[in-house]
Structure formats: structure tokens, C-alpha cells
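None of the values given here were measured: they were computed from a predicted structure. Below, each value reflects all heavy atoms present in this structure, side chains not excepted, and no hydrogens, waters or symmetry copies. Numbers restart at 1 for each chain; the letters A, B, ... are given by sequence-line order, proteins then strands.
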Protein chains: 2
Amino acid sequence: MENLIKVFKALSDSNRVRILKMLENKELCVCEISDVLKLANSTVSKHLSILRDAGLISDFKDGKWVNYSLRVSPESVYTKELLSLIKNWLPDNSVIKADKSSLGSCDRNNICKN
Amino acid sequence: MENLIKVFKALSDSNRVRILKMLENKELCVCEISDVLKLANSTVSKHLSILRDAGLISDFKDGKWVNYSLRVSPESVYTKELLSLIKNWLPDNSVIKADKSSLGSCDRNNICKN
DNA sequence: TTTACATTTCGTTAATTAACGAAATGATGT
DNA sequence: ACATCATTTCGTTAATTAACGAAATGTAAA
């Protein structure tokens, strides 16, 4: 139960849902997401840790970058089924569409200069 | 999007999930739920209004009672699909099972004397 | 029209949460 | 070793939320 609540809490913030929908396109690093959401890196990092603790995303290091992606084989039935529902939701939402198109035209090496 | 977040927020409280699981058995009034959850009536009433505003439950008057039930024909795809997922979840959870068995042996007319 | 009682609303309090900037951490390449 | 820069952690603040009791509301029966 505790686990299920943790997943729902992770999903009940619009910035975190935007992150999940962005990750449908491709894996992303913290500062790419910060750039699209217009949030401080530290804020995005916290959101990502909440999504990871809920089992919704994975992270792996690539040099100095940390790449985040949707969790491919979620261990819990909750995250597995919810991720697959969410993939079909909000297809026409204007914010989500704008986020995804922002991502199209962005080069990590230009965007991410602290 | 706003609507989806509202649904996830409604689901991200364990007392509200317990209420939804109780309602799988039968429709219930505020004080029956208060009795099982050991919460004040006003608190339960608030939880129910959050679930209703999210489109997850319906209420209808029956004399001095207000009966709450799972929403049979949810208008949004979110609530429709989520309710059907949740129905299959937590089948063996001890808290949920205890809640449901509490409900078995309770007569609204005895329990509900403010 | 009282009385009884289920429910909701209101006001308050304690706990949780999202946000930020600054400082700490970790890894790459000079 | 040092500089660079992505990321995380920390401390703080403002906003949200769950809980309660008390008061208000609404309905049914005496």
C-alpha cells in the first residue's frame, strides 16, 4: 500500500508528469529538463529522485552526465501498468507537445553551462 | 493535464485509497467510513469531496443519509482506467482486508449516533 | 415546530512539499 | 594536481494538506 501511495504521490505533480512525457521521446539529463521546464537544476534533480524512488524512471551515468529514462522493466505491477496508461494519455496536450518540440531543437552541450 | 493531476492527488492518500477499496463492496455513508478509519466525520467528508471532485465516486441522498459509491460511468478516461486498475490491486493487503471485514459486521443505525 | 442526527463548512494547527540559491560531490580532461 | 561543469545535498521559505472540534445546514420523524 505504502508503495502504491508513493507512486501516486510521484505522479501528482504536473512538472513530474511533464518529465515522464518528455522521457517518452528520449533519455535526458537534468539540465536539459531544467531548460525546458524553466526550473532550477536542484529542483529538477529532486523531482527526478522522487520519480526514481517510486520506480518510474532509471538513471545511468555517461561520463559527467546522468541520463534519465523511463524504467523499462518496472518491478512493481503499479508502475508497470501506470506507465503504460500514461503513455496513451495527453497526446494532444499543448504543454506536453511544446515540451517535446523544445527537446527536438536542443543540444546538451550548448544548453548545459552552469 | 490539470484534471489528471487532480485524480492522482486524490489517489495519493492512503485513507482515500482505503475508502475506494471499501466502496468496492457496497455503498457507504460518511459515518460508516469514519467508524472503520477511526477519523472524524468532518475529515472523512473532506476526503469524500476530494474523491468526488476527481470524478472517482458519486453520492446520492437517501433520506438523512448520503450514500457514496464508486462512480459507475466515469466521464474521463483517466478515472475510468484508474478505477479498473485499482480494483485489481491490493487484493491481499491486510489493512484493506480488515477494513472490508469491519464493514461486514456493521449496522449503520447502530454505528451512526453523533 | 421541535428534536434528533447525518453531513458539510469553517477556522486552526501541525506536517508535508515545491521552490530556490549556495555549497558539496563526482567525473572529465588539461 | 587543477579547472570545469553536471549533479546532488542542504537550509530556508512559501504554499498546500490532513486532521480536529465547533458551528452551520438539511432532512426525517415526533
Side-chain angles (χ1 to χ4, degrees), chain A residues 1-2 5-20 23 27-54 56-69 106-114, chain B residues 1-2 5-20 22-23 27-54 57-69 106-114:
Chain A
M1 165 94 107
E2 208 174 297
I5 299 300
K6 187 188 283 188
V7 177
F8 281 137
K9 270 194 205 299
L11 293 171
S12 61
D13 177 277
S14 61
N15 284 318
R16 288 195 288 270
V17 170
R18 287 171 72 184
I19 291 173
L20 289 180
L23 291 177
E27 64 196 36
L28 297 168
C29 67
V30 170
C31 58
E32 286 172 308
I33 296 169
S34 301
D35 188 69
V36 174
L37 298 183
K38 308 295 179 205
L39 291 175
N41 283 1
S42 58
T43 304
V44 170
S45 179
K46 181 77 171 119
H47 281 312
L48 288 165
S49 80
I50 290 169
L51 289 169
R52 187 187 47 221
D53 290 352
L56 292 160
I57 63 175
S58 318
D59 57 351
F60 54 97
K61 286 221 166 114
D62 174 23
K64 68 179 171 179
W65 311 92
V66 178
N67 287 313
Y68 287 88
S69 63
C106 93
D107 175 4
R108 169 181 300 198
N109 290 294
N110 292 333
I111 288 174
C112 303
K113 306 282 178 191
N114 282 347
Chain B
M1 166 92 109
E2 207 174 297
I5 299 301
K6 189 189 281 189
V7 177
F8 281 137
K9 271 194 204 297
L11 293 171
S12 61
D13 176 278
S14 62
N15 284 319
R16 289 195 287 269
V17 170
R18 287 171 72 185
I19 291 173
L20 289 179
M22 284 193 263
L23 292 176
E27 65 196 35
L28 296 168
C29 66
V30 169
C31 57
E32 287 173 307
I33 296 170
S34 302
D35 188 69
V36 174
L37 298 183
K38 308 296 180 204
L39 291 174
N41 283 0
S42 58
T43 304
V44 170
S45 179
K46 182 75 172 124
H47 280 313
L48 289 165
S49 80
I50 290 169
L51 290 168
R52 186 189 47 221
D53 289 353
I57 63 176
S58 317
D59 58 349
F60 53 96
K61 285 218 167 116
D62 174 23
K64 67 178 171 181
W65 312 92
V66 178
N67 287 313
Y68 287 88
S69 63
C106 94
D107 175 4
R108 170 182 297 198
N109 290 294
N110 291 332
I111 287 173
C112 304
K113 305 282 178 193
N114 281 349

Student: Are L11(A) and L20(A) packed together at the side-chain level, in the sense that at least one heavy-atom pair is separated by less than 4.5 angstrom?
Tutor: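 Yes. Closest side-chain heavy atoms under 4.5 Å.
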Student: Check every atom of dT7(C), dT7(D), dA28(D) against the side chain of K64(B) and return the nucleotide holding the closest atom.
Tutor: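 Nearest listed nucleotide: dA28(D).
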Student: Going by side chain to side chain contact (heavy atoms under 4.5 Å, CB included), L37(A) matches just one of R18(A), E32(A), R16(A). Which one?
Tutor: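 For L37(A), the side chain to side chain contact (heavy atoms under 4.5 Å, CB included) check succeeds only for R18(A).
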Student: Without decimals, in angstroms, what is the distance between W65(B) CH2 and dG26(D) C1'?
Tutor: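 From W65(B) CH2 to dG26(D) C1': 14 Å.
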Student: Could you give the NZ-to-C1' distance, from K61(A) to dT25(C), as a whole number of Å?
Tutor: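 Taking NZ of K61(A) and C1' of dT25(C), I get 9 Å after rounding.
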Student: What I'd like to find out is whether the side chain of I19(A) reaches to under 4.5 Å of the side chain of L28(A), using heavy atoms alone.
Tutor: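 Heavy-atom side-chain distance check fails, nothing below 4.5 Å.
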Student: When you get a sec, tell me which of dA18(C), dA18(D), dT8(C) is the closest nucleotide to the side chain of H47(A)?
Tutor: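 The answer is dA18(C).
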Student: Among residues at least two apart in sequence or on other chains, which ones pass side-chain contact (heavy atoms from CB on, under 4.5 Å) with V66(A)?
Tutor: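 With neighbours one apart ignored, the set is D59(A), K61(A), Y68(A).
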Student: Distance check needed: dT12(D) C1' versus K46(A) NZ, whole Å only.
Tutor: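 Taking NZ of K46(A) and C1' of dT12(D), I get 15 Å after rounding.
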Student: Contact between L48(A) and V44(A) at the side-chain level, heavy atoms closer than 4.5 Å - yes or no?
Tutor: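 Contact flag for L48(A)/V44(A) side chains = yes.
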Student: Would you mind reporting whether T43(B) and N15(B) have side-chain heavy atoms less than 4.5 Å apart?
Tutor: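 Side-chain contact under 4.5 Å: no.
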Student: All N/O contacts under 3.5 Å from nucleotides 20-24 of chain D to the protein, with atom names and distances to one decimal?
Tutor:
residue	atom	partner	partner atom	Å
dC20(D)	OP2	A40(B)	N	3.0
dC20(D)	OP2	T43(B)	OG1	2.7
dG21(D)	N7	S42(B)	OG	3.4
dG21(D)	O6	S42(B)	OG	3.1

Student: dT27(D) C1' sits how many Å from F60(B) CZ, rounded?
Tutor: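 Roughly 17 Å, once rounded to whole Å.
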Student: I want to check something: taking the side chain as every heavy atom from C-beta on, are S34(A) and N41(A) in contact at a cut-off of under 4.5 Å?
Tutor: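 With C-beta onward as the side chain, the pair touches.
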Student: Round to a whole Å and report the spacing from CG of D53(B) to C1' of dT17(D).
Tutor: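 Value for this atom pair: 15 Å.
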Student: Just wondering, do C29(A) and R108(A) contact through their side chains at under 4.5 Å, heavy atoms?
Tutor: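 Side-chain contact under 4.5 Å: yes.
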Student: Measure the shortest side-chain to side-chain distance between I5(B) and D13(A) over non-hydrogen atoms and say whether it is less than 4.5 angstrom.
Tutor: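 Side-chain contact under 4.5 Å: no.
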Student: Please give, in whole Å, the distance from dA28(D) P to R108(B) CZ?
Tutor: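 Rounded to whole Å, this separation is 14 Å.
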Student: Atom CG of L51(B) and atom P of dT7(C): how far apart are they, to the nearest Å?
Tutor: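 Going from CG in L51(B) over to P in dT7(C) covers 15 Å.
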Student: When you measure from every atom of DNA chain D, which of residues 7-16 of chain B have a heavy atom less than 4.0 Å away?
Tutor: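 Heavy-atom cutoff 4.0 Å gives K9(B), D13(B), N15(B), R16(B).
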Student: Calculate the interatomic distance between I111(B) atom CD1 and dC5(C) atom P; express it in whole Å.
Tutor: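 Rounding to the nearest Å, CD1 of I111(B) and P of dC5(C) are 15 Å apart.
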